[in-house]
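Beneath this line is the structure, given in structure tokens, with notes to follow.
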Amino acid sequence: GAGVSQSPSNKVTEKGKDVELRCDPISGHTALYWYRQSLGQGLEFLIYFQGNSAPDKSGLPSDRFSAERTGGSVSTLTIQRTQQEDSAVYLCASSLGGRVRPQHFGDGTRLSIL
Amino acid sequence: DAKTTQPPSMDCAEGRAANLPCNHSTISGNEYVYWYRQIHSQGPQYIIHGLKNNETNEMASLIITEDRKSSTLILPHATLRDTAVYYCIAAPEWGANNLFFGTGTRLTVIP
């Protein structure tokens, strides 16, 4: 069946521009997560959605980062006024939510800020 | 969440069993052990998880010690496609709002 889909797969943009990254979770998965991974590093948690609400935004690094989820499905991560340190792979995962539900990841969006 | 410790790298001959250890000596009673792997340029892939009993699925086996302070992921017949970074994670039973991926073990399967 279809897995987690992320778009675009690669994004190159100039410093100061805004970017939007999209995540299509697995159908029926109520929980959705955003992480980022810098080169050679582990994953850094950004935000968690249960349905359309975000009970845990603790990982968002600054107010330039925001995310929304509509219809309990697609999510968009927006980065405003991008900086070079925002360059990373942004990964989305989804799960059935609740008790002991493994997260299933997309292949990420590789964001490069020039 | 409990911290986990893994060796930074391991090699395994193709066709042999790969045994990847993980220490989680501070794991609490409601924390499960999860294993994920990440192949180059791909997102992490869920492998298996367990609480205290040994578990097996089509990908791997998970052996958890009786005191739950350590575990071993076993890939019974490693192939070149199993070359990846393997992450051991201890996460609570409910929700696991975020998973803490450390630096993992880089497994190289050698022809």
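Within every chain, numbering begins at 1; the chains are lettered A, B, ... in the order of the sequence lines, protein sequences first and strands thereafter. The basis for the numbers below is simple: all heavy atoms, side chains too, and nothing from hydrogens, waters or symmetry mates.
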> Given B:Q38 and A:Q37, is the side chain to side chain contact (heavy atoms under 4.5 Å, CB included) satisfied, shown in steps?
Replying inline: CA-CA 12 Å; B:Q38 189 170 23; A:Q37 187 172 32; 2.9 Å; yes
>> Determine whether A:F105 and B:Y36 satisfy the following criterion, side chain to side chain contact (heavy atoms under 4.5 Å, CB included), listing intermediate values before the conclusion.
In response: CA-CA 10 Å; A:F105 286 79; B:Y36 285 76; 3.8 Å; yes
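- Within the 3.5 Å criterion, the main-chain N or O of B:Q42 finds no donor-acceptor partner in the side chain of A:D107.
- More than 12 heavy atoms of other shown residues, nucleotides or ligands fall within 6.0 angstrom of atom CG in A:L114.
- Residues forming a side chain to side chain contact (heavy atoms under 4.5 Å, CB included) with A:T82 (at least two apart in sequence, or on another chain): A:T13, A:K17, A:V19, A:I79, A:D86, A:I113.
- Note on B:Y46: it clusters hydrophobically with B:L51, by side-chain heavy-atom contacts below 4.5 Å among ILVMFWY residues.
- Contacts of A:Q6 with chain B are absent, with no heavy-atom separation under 4.5 Å from either backbone or side chain.
- In the displayed structure, B:R16 atom CZ is contacted under 6.0 Å by at most 12 heavy atoms of other residues, nucleotides or ligands.
- Note on A:L32 and A:V4: separate hydrophobic clusters, where clusters join Ile, Leu, Val, Met, Phe, Trp and Tyr whose side-chain heavy atoms are under 4.5 Å apart, directly or indirectly.
- Shortest non-hydrogen contact noted between B:P44 and A:L91 is CD-CD1, 4.0 Å.
- Both the backbone and the side chain of A:L43 have a heavy atom closer than 4.5 Å to some heavy atom of chain B.
- Atom CD of A:E14 has 12 or fewer heavy atoms from other residues, nucleotides or ligands within 6.0 Å.
- Looking at B:Y34, its side chain never comes within 3.5 Å of a backbone N or O of A:Q103 through a donor-acceptor pair.
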